[in-house]
Amino acid sequence: MESPIRAYPFNEIEPKWHKRWDEEKLYAIHLKDPRPKYYCLVMFPYPSAALHVGHGRNYIIGDAVVRYKMMRGFNVLSPMGFDAFGLPAENAAIKRGIPPKTSTLENIQNMKRQLREWGCGYDWSREVISCLPDYYKWTQWIFLKLYEKGLAYKKLAAVNWCPSCQTSLANEQVVDGQCERCETKVVSKNLEQWFFKITAYADRLLDDLKLLEGWPERVRIMQENWIGRSKGVEIDFPIVASDGKNTESPLTCFTTRVDTIFGATYMVLSPEHPRLPELLRSVSDKAEIETAINRMKAQDLTVRTLLETEKEGVFTGRYVLNPMTKEKIPLWVANYVLMEYGTGCVMAVPAHDERDFEFAKKYKLPIRVVIDNPKKPLKAETMKEAYVDPGILVGSGAFTGIESEESKDKIADFMERNKIGRKTTQYRLRDWLISRQRYWGAPIPILYCDKCGTLPVPEKDLPVLLPENVEFKPTGVSPLRDHLAFQKAKCPKCRGNARREPDTMDTFVDSTWYFLRYITPRDDKKAFDSNDVNHWLPVDQYIGGVEHAILHLLYSRFVTKVLYDLGVISFKEPFARLFTQGMIIKDGAKMSKSKGNVVSPDELIKRYGADTVRLYTLFMGPPERDAEWQDQGVEGAFRFLGRVWRVAIQQEKIENERIEGEALGHKEIRFNLHRTIKKVTEDLEGDFHFNTAVSACMEFVNSLYRFRPSSEVDRNLFRQSVETLVLLLAPFVPHIAEEIWSRLGHSRDIFKEKWPTYDSSALQLEEEEIVIQVAGRVRSRLKVPHDISEKELEALVLKDSKIKEWVNGKTVRKVVVIPHRLVNVVV
RNA sequence: GCCGAAGUGGCGGAACUGGCAGACGCGCACGACUCAAAAUCGUGUGUCCGCAAGGACAUGAGGGUUCGACUCCCUCCUUCGGCACCA
């Protein structure tokens, strides 16, 4: 890149203030400070090699909020740390051929330098690094707490396995059947794994979303979808005995549409249903049936769950009884029924379910209408598709004639009374699989003793240290399994030899509680102090990318609720307000090293200074939306800061310059000044409209360039204008603001100053311009006194020569007067 | 398929509660300064007609409500995101 352009001396200013802020400990807070607290948290980063401007948006937004709140008189907590365990760090280390710890700590140093250069300030005395024992000791403690509560358990299950990362994954880490990290196709594998019982909290995680008014609607909806609660009924279908003796227990299905029960003309099991072998025992020609079932089982699950996939099935030769109609209906097995959801058994109502309809048509199964369309009566023989909307029950025994929505409860109650079925709730959410067969994570604090079984590591023995001299290349089993020193353990009960759990925890466990650790980060007696944490949390403002809408944000909410139940914290939700900033796009794609479209902040800062990068980042568009990075836009921000510098520092020069444009007077400048304060304040108090706040400042600078102070009073206003401008800009461009502030003769740090307030009387002009429309089109405008009455205004308008021309002969039907704004003459 | 967000000049984007569409910035053109360039300062810049004054058209498309619609309602199209054979 070219050498720095001639401009204000940002390369002297910026390092000077970084040093000053460090020395003054501008960001260090005291927990017991009497001012109102404000906890501003940005999502802590993975320590990758270097940050790009896309990452920067997060920290710049956060820093602007922090500095603004400081000026509003809050005791602002702004901590930072590193989410340092996990696959990305380990994979990067493997590539470089060095231990993950070395590369991670190296990366952290580089990122800290970058954050400092950006001018983003944190209370570094509170730094947490999740891969260091003084942190993960307490991550392990959290695990033990969940274990005590029965919320951490081990089970053999079909789990998602990434063949490239050589580890199991949580459901949340599988995107479109692929590994979230490496996009390799995920396969299913039967393994014994550790899970967190997040499903036990499904209802509360869902219901408490309503408490999160400060969260973006879309994030709440995404979590709602993910949890996927559906209320319905479990119904027992008695099996018709093939040998006359009815000894088999009934098959249970789950449905959200009990209202359609009278139309259930067959029943379908998932090919994986555990009772299939038993059901088939008495069937004579079962070879063919079993072949068909095995074919369905072999079908790739990701393909099988595609809507387009052809439905396939086979009749089992068995029958069940529809418990309401007492009819004998055939029992089928079909590929469209999933074992993972509900009971793996579905009552099929072809007339009112698209999938059942398609299946029934293919295999010529009976279709019976039981919900009629009130607008257009249905006929089973002529139906082209299932009728899935509400309607009136027909052919439904005692329930005929009832509206379908209403009938759901009535039928369910009837079933409960007669022990046919019971109301129940199903969730899409699965328990959180937390074991990883990889090295770079916190060891799961569990011991196995041949005599005493599975035992938690006693709290006093924490941390279970992650050994450093390990051959850690992924092999599919945890490298800790064969590490002798690590495995050398004693059973806490019988003192005999015990083995350690070799798996490590998912990195997302580390980040479920880091925001608690920031309060008392060096406490080696406990994870956090309940009193302090209860004072400082929930986080007032959380800021981060929307990619964590489900994963991190759901897991953190879960752990918070567990800690609440344990009585160690007094709040149910960790983050009161959430702001999700948009991505930065370059050349049509998300900025990423692999795509080769990253813009490095280091070079930009060298060329233009950090304030320019910050200002452009905030100005480029609404912060919650994606934005396209344009190098030329950076120049614009840089030019603006030059204008600010000149108007503030080199005032005399401007005073002496020849007036070329239209000059503005005292009154207009005063008006603009207060209007700008109002606009910037409202933009920051609202949903962080930095882009319009910056543009308001630009407008004000433009107007200052038209001001020619001619008197002492004028010069005072000019000075006041400049000082206010600098205060308003300080959260966005802290270095230049500090520098101008001190050059204007202030010795106190600008962030210890009060945020300016506006005077509404200055916004009240005696004369205002009114827009005049004829038939809704602007035809003229008038300057009128502020306190003119509507009558007077109307009369004035009708006398106006231009308006007369437009009215010309037509009758005036009505005159609409909107005070202080507009008059519309309707002809 | 369901849910959500968005669609405005050459570009990024503004527009309060329904009240001057295009603020602010980029780009472009012209002028001032300069021997010249850069930087800076100024002027102009939606489209069409017009020398101009001015007028017509214009916020994804089409309807509607209203004195008045980027904004509200209906139908549809496109892009992005989430969920999805979930019973």
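By convention in this document, chain letters (A, B, ...) are assigned in the order of the sequence lines, proteins followed by strands, and residues within each chain are numbered from 1. Only this structure's heavy atoms are used, side chains among them; waters, hydrogens and symmetry mates stay out.
Of all nucleotides listed (B/rA56, B/rG27, B/rC86), B/rC86 comes nearest to the side chain of A/Leu338. Candidate nucleotides B/rC83, B/rA14, B/rA87 were compared by shortest atom distance to the side chain of A/Tyr341, and B/rA87 ranks first. The side chain of A/Arg779 lies closest to B/rA56, out of B/rA56, B/rA14, B/rC67. You'll find that the side chain of A/Arg625 is closest to B/rA6, out of B/rG25, B/rG19, B/rA6. Considering only the side chain of A/Leu822, B/rG19 comes nearest among B/rG19, B/rA15, B/rA87.
We find that A/Glu217 and A/Arg220 are joined by a salt bridge, their nearest charged nitrogen and carboxylate oxygen being less than 4.0 Å apart. Ion pairing between a basic and an acidic side chain is recognised when a charged N comes within 4.0 Å of a carboxylate O; A/Arg295 and A/Glu312 show such pairing.
Between A/Trp332 and A/Tyr363, the ring planes are tilted. Angles from 30° to 60° get that label. Using the six-membered ring where Trp is involved, A/Phe690 and A/Phe688 have ring planes that are parallel, under 30° apart on the 30 and 60° scheme.
With a 4.5 Å cut-off on side-chain heavy atoms, A/Val733 and A/Val644 do not count as touching. In this structure the side chain of A/Leu251 reaches within 4.5 angstrom of the side chain of A/Leu331, judged on heavy atoms. Annotation: side chain of A/Val349 is not in contact with side chain of A/Thr255 (no heavy-atom distance under 4.5 Å).
Within 3.5 Å, no donor on the side chain of A/Asn225 pairs with an acceptor on the base of B/rC83, nor the reverse. One N or O donor and one acceptor, one from the side chain of A/Arg821 and one from the base of B/rC16, sit under 3.5 Å apart. You'll find a donor-acceptor pair under 3.5 Å spanning the side chain of A/Lys311 and the base of B/rC85, going by distance alone.
Residue A/Asn824 has no polar side-chain atom (N or O) positioned under 4.0 Å from OP1 or OP2 of B/rG19. Within the 4.0 Å cut-off from OP1 or OP2 of B/rG25, at least one side-chain nitrogen or oxygen of A/Asn702 is found. Residue A/Arg646 places at least one side-chain N or O under 4.0 Å from the OP1 or OP2 atom of B/rC41. For A/Ser695, no side-chain nitrogen or oxygen approaches OP1 or OP2 of B/rG13 to under 4.0 Å. Dashed line: the shortest gap from a side-chain N or O of A/Arg639 to OP1 or OP2 of B/rC26 is under 4.0 Å. For A/Arg706 and B/rG42, the shortest distance from a side-chain N or O to OP1 or OP2 is not below 4.0 Å. Under 4.0 angstrom from either OP1 or OP2 of B/rG42 there lies at least one side-chain N or O belonging to A/Arg643.
Note on A/Arg220: nothing from the nucleic acid sits closer than 4.0 angstrom, heavy atoms only. Contact annotation for A/Gly228: no contact, since no heavy-atom pair falls under 4.0 Å across all strands. Within the 4.0 angstrom heavy-atom criterion, no nucleotide atom of any strand lies near A/Glu312. Contacts of A/Asp356 with the nucleic acid, taken as non-hydrogen atoms under 4.0 Å apart, are absent. A/Gln630 comes within contact range of the sugar-phosphate backbone alone, with a heavy-atom separation under 4.0 Å but no base atom that close. Residue A/Ile818 is in base contact, counting any heavy-atom pair closer than 4.0 Å across all strands shown. Counting any heavy atom pair closer than 4.0 Å across all strands shown, A/Val346 reaches a base atom. Across all strands, A/Val268 comes closer than 4.0 Å to no nucleic acid atom at all (heavy-atom distances).
The C1' atoms of B/rA61 and B/rC77 are separated by 7 Å, rounded to the nearest whole Å. The gap from the P atom of B/rG60 to that of B/rA6 amounts to 13 Å, rounded to the nearest Å. If you take atom P in B/rA32 and the same atom in B/rG25, they sit 23 Å apart, rounded to whole Å. Remark: the separation of the P atoms in B/rC16 and B/rC86 is 41 Å, to the nearest Å. With both ends at atom P, the span from B/rC70 to B/rG9 equals 14 Å, rounded to whole Å. B/rU8 sits 15 Å from B/rG62 when the P atoms are compared, rounded to a whole Å. Across the P atoms, B/rU71 and B/rG63 are found 14 Å apart, a figure rounded to whole Å. Separating the C1' atom of B/rG81 from that of B/rC28 is a span of 36 Å, rounded to the nearest Å.
Mapping A/Gln773 and A/Glu310 onto RNA chain B by nearest heavy atom places A/Gln773 at the nucleotide closer to the 5' end. Place A/Ile550 and A/Ala637 on RNA chain B by their nearest nucleotides, and A/Ala637 ends up nearer the 5' end.
Between the CZ atom of A/Phe640 and the C1' atom of B/rU40 there is a distance of 16 Å, given to the nearest Å. What separates CD of A/Glu699 from C1' of B/rG13 is a distance of 13 Å, to the nearest Å. In this structure, A/Arg430 atom CZ and B/rC86 atom P are separated by 14 Å, rounded to whole Å. When rounded to the nearest whole Å, the span between CG of A/Asp683 and C1' of B/rA15 equals 12 Å. The interatomic distance linking A/Gln632 (CD) with B/rC24 (P) rounds to 19 Å, in whole Å. A/Met698 places its CE atom 17 Å from the P atom of B/rG12, with the value rounded to the nearest Å. What separates CD1 of A/Ile585 from P of B/rG13 is a distance of 11 Å, to the nearest Å. We find that CG of A/Leu641 is positioned 13 Å from P of B/rG25, with the value rounded to whole Å.
Remark: A/Lys311 is not positioned above the aromatic ring of A/Phe359, lacking an NZ or CZ atom under 6.0 angstrom from the ring centre and at most 45 degrees off the axis.
Applying the Watson-Crick and G-U wobble criteria (two distances, each under 3.5 Å), B/rC26 pairs with B/rG10. Checking B/rU65 for Watson-Crick or G-U wobble geometry (two distances, each under 3.5 Å) identifies no partner in any strand.
Paired with A/Asn672 under the rule side chain to side chain donor-acceptor pair (under 3.5 Å), one option of A/Glu668, A/His674, A/Arg675 passes, and it is A/Arg675.
Because its glycosidic torsion is within 90° of 0, B/rG9 is reported here as syn.
Judged by distance alone, with hydrogens and angles left aside, the side-chain atoms of A/Tyr608 form no donor-acceptor pair with the main-chain N or O of A/Ala637 at under 3.5 Å.
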Restricting both atoms to N or O, compile the protein contacts to nucleotides 71-76 of chain B shorter than 3.5 Å, with distance only.
none

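Partners of A/Asp626 by side-chain hydrogen bond (donor to acceptor under 3.5 Å, both in side chains), not counting sequence neighbours: none found.
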